[in-house]
Amino acid sequence: MNRFELEALKNRVEDEIKEEFKKVEKICEINSLKVIKAFQGNNLQEMHLNTSTGYGIDEPGRNKIEEIYSDVFKAEDSLVRTQLISGTHALAVTLSALLRPNETMISITGAPYDTLQTVIGMGENPSRSSLKAFGVKYEQIELQDNDFDVKSIQERLSRNDVKLVEIQRSRGYSTRKSLTISKIENVIKKIRQVNKEVIIMVDNCYGEFVEEKEPIEVGADIAVGSLMKNLGAGIATSGAYIVGKKDLVQLCAERLTSPGIGKEIGPSLGQNTNLLKGLFFAPQVVSSSVKTAIFASKMLEELGYDVEPKFNEKRADIVQTIKFGNKEDLIKFCQGIQKGSPIDSNVIPVPSEMGGYDDEVIMAAGTFTEGSTIELSCDGPIRAPYIAYMQGGLTYDYGKYGILKALEEISK
């Protein structure tokens, strides 16, 4: 396909996806109101932008950020810290805080994504720092037809010997669909019919502000996510969050800092403005990312590729997958995304080994913040069926440009 044909296809596709964009814009409006009301209702002041160093004892700005996050998520409490360096780190802290030796956690969305498998201690030669090494037991129940296996879940949880249920909202490096809030709400209701005590934790990475509600609003006890993704909006340069019931968040805080201290310490190190500004822009940036994904889905489907979700399907996160069927096209597409990036556009990414992953992985991300996946990025393991996992786009126009560069690269 030459440049003129690609331009003609782009124009036709953009006309056909207008109605989907209107739906995305409505969700953006709802979530924007949620954020601005949380800022105003919690009386955010200029003084809260100030920083702290050292211990950061009872720092007002950091405390205010956590009040705002609690409000946005409709949670009793929250832990929002730059000391949580990634979503995996926040999940590891949460699981280590809530589980004890000989207690059982169960994933009801099948195997979690690769790096969390390492945290749990799945596979051969588990890390000596994994949950398994400390005596935590792990089980999983597979999804059935991209939905929860409610019968198996209820049967297992009726025995009342499971401490924590883990739900991974996004797909990770699997081929399943990401899970909508309505599906999560339904399974939580089914769980509570047979077990009212088990802790329900949702890995919320990539899902924030894609829908109108968040997991805590539909009955989850605790939810975890990264500020390198949706809620950082490309402005926060590090951090993650844990939100949920107050007693559970306190346990997580004591695991992050130390017992008896918990949330009282933790310097903001000049990040308060970035965290607040990131949250402020997040509804709009997430909207741009979803629009970029819709455009990519329709464009690549028109070119004959197997995409998921389809452009007009309901979305649960910002991730768009493209099944290439061969490693050459997967690599070329990622290299094209890199060429469409604002930074390091001359760099050519290649597959390589990466900590926490069993297969070689290719990652394309010319981002302002290293590892930021709310900025346009694309990655995938070098294994059949050779799927690209694309996400992000700080603005739709920049995202669209990146997609077109990737398609040019494949067509060469």
Side-chain angles (χ1 to χ4, degrees), residues 1-21 23-25 170-171 178 206 210 229-230 233-234 284-313 315 317-349 362-368 372-380 386-412:
M1 174 174 284
N2 61 41
R3 184 168 296 180
F4 297 105
E5 292 171 326
L6 192 59
E7 181 71 15
L9 177 60
K10 180 208 74 164
N11 292 336
R12 177 167 64 82
V13 162
E14 285 198 293
D15 188 58
E16 293 179 12
I17 61 180
K18 285 180 180 177
E19 291 304 312
E20 297 305 313
F21 278 19
K23 297 175 187 177
V24 175
E25 289 160 4
S170 193
R171 73 190 70 222
S178 298
Y206 297 108
V210 174
K229 299 178 176 65
N230 299 24
Q284 183 63 54
V285 172
V286 171
S287 172
S288 296
S289 294
V290 174
K291 287 179 178 180
T292 299
I294 290 170
F295 175 75
S297 179
K298 183 62 173 172
M299 287 289 288
L300 283 143
E301 184 178 19
E302 289 289 326
L303 293 171
Y305 292 100
D306 185 1
V307 298
E308 208 291 311
K310 303 294 186 185
F311 80 98
N312 56 355
E313 283 188 86
R315 290 178 180 263
D317 60 15
I318 64 171
V319 180
Q320 178 65 47
T321 68
I322 308 106
K323 186 185 295 184
F324 287 104
N326 65 83
K327 69 178 183 180
E328 291 78 14
D329 283 352
L330 167 59
I331 292 169
K332 283 184 179 180
F333 186 82
C334 289
Q335 290 174 344
I337 291 291
Q338 188 74 35
K339 289 186 177 182
S341 300
I343 299 169
D344 293 332
S345 60
N346 64 321
V347 171
I348 300 176
I362 184 167
M363 291 194 168
T367 56
F368 291 95
S372 171
T373 46
I374 191 62
E375 302 180 55
L376 182 64
S377 55
C378 189
D379 50 273
Y386 301 103
I387 298 175
Y389 296 81
M390 191 211 80
Q391 57 275 315
L394 295 180
T395 74
Y396 169 62
D397 290 310
Y398 287 136
K400 176 174 64 176
Y401 174 78
I403 302 304
L404 293 174
K405 291 294 288 185
L407 294 179
E408 284 180 13
E409 194 66 19
I410 285 182
S411 68
K412 285 182 180 179

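For this chain, numbers begin at 1 and follow the sequence in order.
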Tell me, please, which residues at least two apart from Gln391 pass side-chain hydrogen bond (donor to acceptor under 3.5 Å, both in side chains). Ser377, Asp379

Pair listing, salt bridge (Lys or Arg N to Asp or Glu O under 4.0 Å) test, anchored in residues 321-331, at least two apart: Asp306-Lys323

Check salt bridge (charged side-chain N to carboxylate O under 4.0 Å, His left out) between Arg315 and all other residues, then give those that pass, not counting sequence neighbours. none

Between Thr373 and Ile318, does a side-chain contact (heavy atoms from CB on, under 4.5 Å) hold up when you go through it step by step? CA-CA 10 Å; Thr373 46; Ile318 64 171; 5.9 Å; no

Measure across Gly393 and Thr292 and return the closest heavy-atom pair with its distance rounded to 0.1 Å. CA-OG1, 4.3 Å

Nearest heavy-atom neighbours spanning Pro309 and Arg171: CD-NH2, 3.9 Å

Partner residues of Glu19 under the side chain to side chain contact (heavy atoms under 4.5 Å, CB included) criterion, sequence neighbours left out: Lys22

Using side chain to side chain contact (heavy atoms under 4.5 Å, CB included) as the criterion, list what pairs up with Glu20, not counting sequence neighbours. Lys23, Ile294, Phe311, Asn312

Partners of Ile337 by side chain to side chain contact (heavy atoms under 4.5 Å, CB included), sequence neighbours excluded? Phe333, Ala364, Leu376, Cys378, Ile403, Ala406

Under the ring-ring contact (aromatic ring centres under 6.0 Å, His included) test, which residues partner Tyr206, sequence neighbours left out? none

Correct closest heavy-atom pair for Phe295 and Ile17 would be CA-CD1, 4.0 Å

Are there over 12 heavy-atom neighbours, none belonging to Ile343, within less than 6.0 Å of that residue's CD1? yes

Restricting to pairs with a member in residues 289-299, which pass salt bridge (Lys or Arg N to Asp or Glu O under 4.0 Å), not counting sequence neighbours? Glu16-Lys298, Glu25-Lys291, Lys298-Glu302

Starting from the C-alpha separation in whole Å, work towards a yes-or-no answer on side-chain contact (heavy atoms from CB on, under 4.5 Å) for Ile348 and Gln338. CA-CA 7 Å; Ile348 300 176; Gln338 188 74 35; over 6 Å; no

Rounded to the nearest 0.5 Å, what's the gap from OG on Ser345 to NZ on Lys405? Could you check? 8.5 Å

Where is the tightest heavy-atom contact between Gln320 and Ser297, given as atom of each residue plus distance? OE1-CB, 3.4 Å

Measuring from atom CE of Met363 to atom OH of Tyr389, what distance do you get when rounded to the nearest 0.5 angstrom? 12.0 Å

Interatomic distance, CD1@Ile322 vs CG@Leu303, rounded to 0.5 Å, equals 11.0 Å

Apply side-chain contact (heavy atoms from CB on, under 4.5 Å) to residues Ser288 and Gln284 and explain how you reach the verdict. CA-CA 6 Å; Ser288 296; Gln284 183 63 54; 4.1 Å; yes

Is the backbone of Gly366 close enough, under 3.5 Å, to the side chain of Glu375 for a donor and an acceptor to pair up by distance? no

Under the side-chain hydrogen bond (donor to acceptor under 3.5 Å, both in side chains) rule, collect the residues that match up with Lys310, sequence neighbours excluded. none

Partners meeting side-chain hydrogen bond (donor to acceptor under 3.5 Å, both in side chains) with Glu14 (sequence neighbours left out): Tyr396, Lys400

Using the side-chain contact (heavy atoms from CB on, under 4.5 Å) rule, take Ile387 and Leu330 through it: C-alpha gap first, then chi angles, then the decisive distance, then the call. CA-CA 7 Å; Ile387 298 175; Leu330 167 59; over 6 Å; no

Results of side-chain hydrogen bond (donor to acceptor under 3.5 Å, both in side chains) for Glu408 - residues two or more places apart only: none

Tell me, please, which residues at least two apart from Tyr398 pass side chain to side chain contact (heavy atoms under 4.5 Å, CB included). Thr395

For the residue pair Asp317 and Ser170, what are the closest heavy atoms and their distance? OD2-OG, 2.5 Å

